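Here's the structure, in structure tokens; my notes come after.
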Amino acid sequence: MTTVDLAPLTGHDVPAAADLHLRAFPRFFLSRLGAPFLREFYAGFVDDPDAVTVVSRGADGRLLGVVVGTVTPDGFFGRLLRRRGHRMAVAAVRPALRDPRAVGRLVRGIAYRGTSRSRRAGRCSARSASTRRRPAAVTAGS
């Protein structure tokens, strides 16, 4: 059996989360923006009150997986831009110069605010499922 520990994302996890993202999704848009951009992106979830984050670690402590999200996309992404937008912009300059088409995609991503309020109204809050308050351990068969 393999034991996997689940816990919230911390600042210490951010560099490994960005590296894992690059390895898992090498051709995805955010990956094309590079490790510095991804580090700022993941760091934005660490202390946000509406973030839902889970990381999994192997028995050796190595990061195996990361899940991040938010219960309020419109509020979260606005805060992310206010708190880290300038650092994200600086991190995206070099990749944008390599691929100018990325600028349009980045602008559309910045404008994204999630689903409409009416669609969210019927959903239960993901906040209750957050491991931010309840770290756990999962045992998986090998």
Side-chain angles (χ1 to χ4, degrees), residues 2-140 142:
T2 302
T3 299
V4 177
D5 291 321
L6 300 179
L9 179 73
T10 68
H12 179 74
D13 297 319
V14 166
D19 291 343
L20 181 62
H21 185 116
L22 289 169
R23 288 192 315 273
F25 308 112
R27 298 191 195 284
F28 282 30
F29 172 68
L30 290 179
S31 297
R32 285 192 241 146
L33 295 175
F37 182 90
L38 286 168
R39 285 191 297 266
E40 291 299 331
F41 178 74
Y42 281 107
F45 286 90
V46 171
D47 292 323
D48 192 88
D50 293 334
V52 179
T53 67
V54 179
V55 299
S56 62
R57 290 187 191 83
D60 61 357
R62 186 173 52 95
L63 198 68
L64 300 175
V66 179
V67 177
V68 296
T70 177
V71 296
T72 58
D74 47 353
F76 171 80
F77 288 108
R79 285 189 302 279
L80 180 65
L81 289 177
R82 283 190 302 279
R83 293 176 181 170
R84 298 186 170 278
H86 64 286
R87 290 182 291 232
M88 292 172 82
V90 169
V93 167
R94 191 171 288 157
L97 290 173
R98 280 194 307 267
D99 182 8
R101 293 173 296 163
V103 174
R105 179 98 188 258
L106 183 57
V107 169
R108 284 191 306 277
I110 289 169
Y112 173 75
R113 294 296 182 258
T115 60
S116 70
R117 291 182 197 279
S118 61
R119 289 181 66 194
R120 283 194 317 260
R123 297 181 184 162
C124 66
S125 173
R127 201 178 298 209
S128 62
S130 172
T131 61
R132 190 178 298 278
R133 288 175 229 107
R134 295 172 295 177
V138 173
T139 303
S142 48

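By convention here, the first residue in the shown sequence is residue 1. Computed from a predicted model, the values in this text were never measured in an experiment.
Proximity of Arg23 to Leu20: side-chain heavy atoms (C-beta onward) are separated by under 4.5 Å at one or more points. Val14 has its side chain out of reach of Phe45: every pair of non-hydrogen atoms, C-beta onward, lies at least 4.5 Å apart. Put simply, the side chain of Leu30 reaches to within 4.5 Å of the side chain of Leu38, judged on heavy atoms.
Scanning both residues, Arg32 and Arg98, for their nearest heavy atoms gives O-NH2, 4.2 Å. Across Ala35 and Leu22, no two heavy atoms sit closer than the pair CB-CD1, 3.6 Å. Looking at every heavy atom in both residues, Asp13 comes nearest to Arg57 through OD1-NH2, 2.6 Å. Contact between Leu33 and Ala92 at its shortest, heavy atoms only, is CD2-CB, 4.3 Å. Minimum interatomic distance between Ala17 and Leu63 (heavy atoms only, all atoms of both residues): N-CD2, 3.4 Å. Taking each heavy atom of Thr53 and Leu9 in turn, the nearest pair found is OG1-N, 3.0 Å.
Here the CZ atom belonging to Arg83 is positioned 13.0 Å from the CD atom belonging to Glu40, to the nearest 0.5 angstrom. Taking CG of Leu81 as the reference point, atom CZ of Phe76 lies at 9.5 Å (rounded to 0.5 Å).
Under a 3.5 Å cut-off, the side chain of Arg62 and the backbone N or O of Gly58 do not form any donor-acceptor pair. For Ser31 (side chain) and Phe25 (main-chain N/O), a donor-acceptor pair under 3.5 Å exists by modelled atom type. In terms of modelled atom types and a separation under 3.5 Å, the side chain of Thr72 and the main chain of Asp74 share no donor-acceptor contact.
A centroid separation of less than 6.0 Å is found between the aromatic rings of His21 and Tyr42.
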